[in-house]
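What follows is a short report on a single structure.
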Amino acid sequence: MLTAILVDDDYPVLRYLSENVAWAELDIELMGCYSNGLEAWEGSQRRWPDIVITDIGMPKMNGLEMLEKFCTVNPQLRSVILSCHNEFAYAQQAMKLKASDYILKESLNVEQLQQLLSHISADLSKERKQTAEALRYMQIEAMNRSALKENFLKDTLYQLSWTKEAWLKQAKLNGLMLDAKHYVPLVISVDRMSDMIRTRQMNDHTMVFAVENVLQEVLDAMHRSVIFRYSQHELVILVCCENPTKEQQLLYYSIPKAIQAIKQYVKISVTCLLGRQGDTPEELRRILLPMLNDGSQRFYLRENELHRYEKAVFSTEDMYGEYAAFFSKINDSLALNLQEQLKNIIDEWARWVEDHRFHPANVKEWVLQLLMELQMKTMVTLRAQPSLSEDKLYDVVNSIHSMEHLKSWIMEYLLKLSRKLSILSIRSKRTEVIRAQQYVIQHVTEKLTLEDMAAYLNLNSSYFSRLFKRETNQNFIEYVNMVKLQKAKQLLEQSSKTIEEISDYLGYANKSYFIKLFKREIGMTPSEYTSWNG
């Protein structure tokens, strides 16, 4: 669906067009109506319109000035000028800004505008289709190239009988120029791939493709290199060189630069391992396979940095000697909803793990046992099913590749658990607060206001507000929204209700507000939450 805005300081014109143009039939979403160019420009920052229907003479910023700004960010913009000015100069300037038509208000009628919008819609749809087709062919070509390179890399890693001459010949047949005396290998890993897929709504191929493009651009300026895709989240780089010592020194400058460019331009964090030089395919195989296949070697490395690959040594100590002490401290913090204390305990635990350098498999096993015990306690306390099943908890924890990621994930998980416990547990000694919390839980589907609650309790609203805040450390409306959103999560997981139906069911008059509130509190939209828990 295309999008459009109306801009005119003549309110009757805005109202007439917004109400009488058959926007839905034209498959156009009218995003907004604005009284001047500046208001329209500022109101469209988050989502640029495809079509602008505008007057010229307006305060603060006239229509032509506004269109000039819109055209700089959206060269495909279509516009229709509605004006009282029957002057050639205005029409000429409008045409320079690619206005589709220049209509005098005195001759304006809805049918004429609808016909014009229909033509614009058809043109834009055709243009988009052509662009999408061209992009599809480019992607297919890039995927075919990438697949050939990936197959060649895997042949290199698992084809033991290749001589260097045969290897170079095969590379050339695949369009790869690898003639060099030495090769410096690197492995690039996308950090937190599962989180990136969920929050960015991009598939792994698109993300790795974006990372590869930025890498290639940075490296081409300083090195002769070939980039290969190895897996869903890993790339391999072979830097061709004559002087490996000098090349590695240069890589300590270029790779951090590339890592920061990837973070800046595509908002993706990557970690890079730099291997020792190899001169033959057999040497490269021996160097690269441990770098690629033993994820435990990277577990304690910092994300979004360059590291020289070294074989890791892990402690043989028993982690479970401290299990009871950490479990007790974490459980107490959860029960009392002491979130800052909980954060400090997780920081302490992470430092303890990193100082001892336990084997990653043991760390994950320890974490799983802790979380499953805590989930069992939650089920008893809340009489509700845990947010993650045992199998899904196992899958999530084992998909995490770094201690840095594991620590932040545990922190987020336990804070959510603490919040869940705090929402539905009642610990205040004041009868008024206990009655208020009980009422909210029992009437979660109703619209609840501070004033109505105070009246129900026969209290002054200001006094009740201060009392509730003092006793619970949150204001009443925050508590209401927390309970409602907890119910919303349950409905998204266990019912077939749509987001709009859930919003109405929980007493929210505005679906957009419900979605905004859900994302702010839960960290993702209701649709994303449903996909994540599907």
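Because the structure is predicted, anything quoted here is derived from the model rather than measured.
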Ion pair check, [X] and [Y], cut-off under 4.0 Å:
X      : Y      : answer
Arg192 : Glu412 : no
Glu354 : Lys407 : no
Lys169 : Glu165 : no
Arg285 : Glu282 : yes
Lys343 : Glu340 : yes

Please walk me through it: do Phe228 and Lys154 pass side chain to side chain contact (heavy atoms under 4.5 Å, CB included)? CA-CA 10 Å; Phe228 304 86; Lys154 293 193 174 167; over 6 Å; no
Distance-only, no hydrogens or angles: does the [X] side chain make a donor-acceptor pair with backbone N or O of [Y] under 3.5 Å?
X      : Y      : value
Lys364 : Ile400 : yes
Thr156 : Phe152 : yes
Asn331 : Phe327 : no
Ser408 : His405 : yes

Describe, in one word, how the ring planes of Trp352 and Trp366 are oriented to each other, choosing from parallel (under 30°), tilted (30 to 60°) and perpendicular (over 60°). tilted
Could you check whether the rings of Tyr323 and Tyr320 sit parallel, tilted or perpendicular, using 30° and 60° as the cut-offs? tilted
Shortest non-hydrogen contact from [X] to [Y]?
X      : Y      : result
Asp279 : Lys164 : O-NZ, 3.1 Å
Lys484 : Val444 : NZ-O, 2.6 Å
Tyr183 : Pro185 : O-CD, 3.6 Å
Trp41  : Phe70  : CZ3-N, 3.8 Å
Leu306 : Leu251 : CD2-O, 3.9 Å
Glu310 : Gln297 : O-OE1, 3.6 Å

Side chains of [X] and [Y] only: does a donor on one sit below 3.5 Å from an acceptor on the other?
X      : Y      : result
Ser254 : His223 : yes
Asn481 : Tyr508 : yes
Glu303 : Ser402 : yes
Tyr265 : Glu217 : no
Thr3   : Arg47  : no

Please check if atom CG in Asn473 has more than 12 non-hydrogen atoms from other residues, nucleotides or ligands closer than 6.0 Å. no
Just wondering, more than 12 heavy atoms not from Glu478 lying within 6.0 Å of its CD? yes
Please evaluate residues Val239 and Gln248 with respect to the criterion side chain to side chain contact (heavy atoms under 4.5 Å, CB included), reporting the C-alpha separation (whole Å), side-chain torsions for both, the decisive distance (0.1 Å), and the verdict. CA-CA 9 Å; Val239 179; Gln248 289 191 20; over 6 Å; no
With a distance cut-off below 6.0 Å to the six-membered ring centre and an angular limit of 45° from the axis, does Lys329 pair with Phe326 as a cation-pi contact? yes
The residue among Val214, Asn213, Leu215 that forms side chain to side chain contact (heavy atoms under 4.5 Å, CB included) with Val211 is Leu215
Run Leu371 and Leu414 through side chain to side chain contact (heavy atoms under 4.5 Å, CB included) and show every step you take. CA-CA 9 Å; Leu371 296 184; Leu414 292 179; 3.9 Å; yes
